Amino acid sequence: MAKKMLKCLSGNHPVTETLKDFFIPHKGNNYHPHSLHPKRIVFHLAGAVAVKIIAVSFVLFFPLGAWLAPDMAAQESEKIIVLTNDLRKAVNLAPLAENTKLDQAAYSKVQDMFLDQYFAHTSPTGKDLATWLNQVGYSYSMAGENLALGYSQADAVVSAWKASPAHYANISDANFEEIGVAMNDGRLNGGDTALIAQYFGRPAQSISATAKPTINKIKIDQAQAKLFLKGPAQSAEKVLNVETKLPEQTVSAAAIINGVKIDLSKNDQNGNWQGNTLIAKSEEKNLTNPTVPATLEIKDASGQNSYADLDWSEIQPIKTSAIDQYLLFKSNPSKNMLPVLGLSNLYLLILLILAIVASILNIFIEIKKQHPKVILNSLSLVALLVTLVIL
């Protein structure tokens, strides 16, 4: 018995030998720790990837509304306001002050779009910007509205508005002094998505000096504007038609939909303009799921450009992409979902620490007797685990 205890104390315990073989390079394991054996590395890599996939899949399994909580939507809305003011500062314009009445009006607009299933500045029942501002008692001398469909990070939404002349016109309009933003999720035309409304206003009692807008923006009669696709459902190509009535002084015009530009021509002396273009099947999804409403670019006889919004009743939003959904969660983690990713990240961190320790021991113990392939494998394992933890 005494001999067995002495043997244990002398460092010859099987457990000690196993750990030594597992982590430390020595003659007994041919200077190749068992923990860094190719088969073990493949096993750990597969396990790490599987754990991450399960955790991410759990988040994406639930619809957008399951974790796009009001506080998360509010945080995204605040980011949009900050980014909007950053754009204004870049062109030497005063920042906009958030107004709770404009926030409420924007929220009412978003809810109404989900309720009546549309994505446009004017509802099927004729409710427009003035409706929502009057409803909350916001007294204004000027007002504007930007809309966005489908979830994106706040910076992506603001970038989309910046790329659209009609929407950038609101952002960069020196006349506006206040802003309100609302974001919410729901089902629109059969798909889970998020809608964003951004409201701009200048109070009626404002005494600020009148400033010239950075971009000219006009309002057209949406009742006389038509934007529609023609062609069989399974056709390889369809025709996208635009019909609208424009101001008398218009000399040229074009419709811009998600980057696709359609030149219009004048039909008659009553100001009716029309244009069309062939749309391939592969482009149809992109056009019928716009991030922002369509825009009209109008040029008058003096060569001055103006812009107008063009509503489209045939919007068919696709489900929010898995990447966007996950990025939203990462930027604004939901308290209910945090334990899921927390446990997976804890596992990955423990595995990462063990991999780093094993790699350091392998490199610096018996440094003259190295297996370059083992070092490369261990560093690859560490690199992948770092990537999984960051993601």
Side-chain angles (χ1 to χ4, degrees), residues 55-84 98 100 102-124 127 129 132 135-136 145-161 164 167 179-199 258 285-286 288-293 311-341:
V56 173
S57 298
F58 184 83
V59 173
L60 300 181
F61 173 79
F62 292 93
L64 193 63
W67 47 268
L68 182 55
D71 59 337
M72 189 183 297
Q75 289 175 24
E76 286 296 299
S77 298
E78 289 297 326
K79 290 180 185 177
I80 290 173
I81 293 175
V82 170
L83 292 171
T84 298
E98 184 175 5
T100 55
L102 287 178
D103 287 334
Q104 293 168 12
Y107 183 79
S108 296
K109 171 66 176 181
V110 167
Q111 293 300 92
D112 189 69
M113 286 191 286
F114 280 126
L115 183 63
D116 282 352
Q117 294 292 287
Y118 71 97
F119 177 58
H121 293 280
T122 303
S123 76
K127 290 178 284 190
L129 173 60
W132 309 115
Q135 187 180 84
V136 298
E145 175 186 74
N146 281 348
L147 302 177
L149 167 71
Y151 172 70
S152 282
Q153 295 291 318
D155 56 351
V157 175
V158 174
S159 294
W161 283 329
S164 170
H167 297 86
I179 188 174
V181 177
M183 173 183 181
N184 205 2
D185 68 283
R187 292 188 66 79
L188 184 66
N189 295 337
D192 290 321
T193 190
L195 286 170
I196 301 170
Q198 183 183 47
Y199 275 16
N258 266 22
K285 181 180 288 186
N286 178 54
T288 56
N289 183 48
T291 305
V292 298
D311 292 343
W312 190 6
S313 60
E314 295 188 21
I315 296 296
Q316 299 173 10
I318 58 174
K319 186 177 180 180
T320 302
S321 71
I323 293 176
D324 279 347
Q325 195 166 321
Y326 184 68
L327 288 176
L328 174 61
F329 176 83
K330 288 288 287 184
S331 63
N332 295 287
S334 167
K335 292 180 181 178
N336 296 328
M337 295 291 185
L338 275 178
V340 179
L341 290 186

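In this text the structure is predicted, and so the values were computed from the model without any measurement. For the numbers below, each heavy atom of this structure counts, side chains included, while hydrogens, waters and symmetry mates do not.
Pairing each heavy atom of M183 with each of S77, the nearest pair is N-OG, 3.7 Å. In plain terms, the two heavy atoms of W132 and A105 that are nearest each other are O-CB, 3.6 Å. Heavy atoms only, all atoms of each residue included: S164 and V292 are closest at CB-CG2, 4.2 Å. Residues A120 and K109 approach most closely at O-NZ, 2.8 Å, considering heavy atoms. Nearest heavy-atom pair across G180 and A106 is O-CB, 4.2 Å. Taking every heavy atom of both residues into account, E76 and A154 meet most closely at OE1-N, 3.2 Å.
Considering only residues two or more places apart in sequence or on other chains, Q111 meets the side chain to side chain donor-acceptor pair (under 3.5 Å) condition with N184. Every residue two or more places apart in sequence or in another chain that forms a side chain to side chain contact (heavy atoms under 4.5 Å, CB included) with S123 is listed here: D112, Y118, T125, K127. Contacts of T84 classified as side chain to side chain contact (heavy atoms under 4.5 Å, CB included), with partners at least two apart in sequence or in another chain: I80, L96, V158, I171, I179, Q198, F200.
In this structure, M113 and L188 have side chains that are not in contact, with every pair of non-hydrogen atoms separated by 4.5 Å or more. A heavy-atom distance below 4.5 Å is not found between the side chains of I196 and L147. The shortest distance between side-chain heavy atoms of T193 and F119 does not fall below 4.5 Å. Looking only at side-chain heavy atoms (C-beta outward), P124 and Q117 stay at 4.5 Å or farther from each other.
Between I81 atom CD1 and E98 atom CD the span is 3.5 Å, to the nearest 0.5 Å.
Remark: side-chain polar atoms of D103 are paired, donor with acceptor, to backbone N or O of V181 under 3.5 angstrom.
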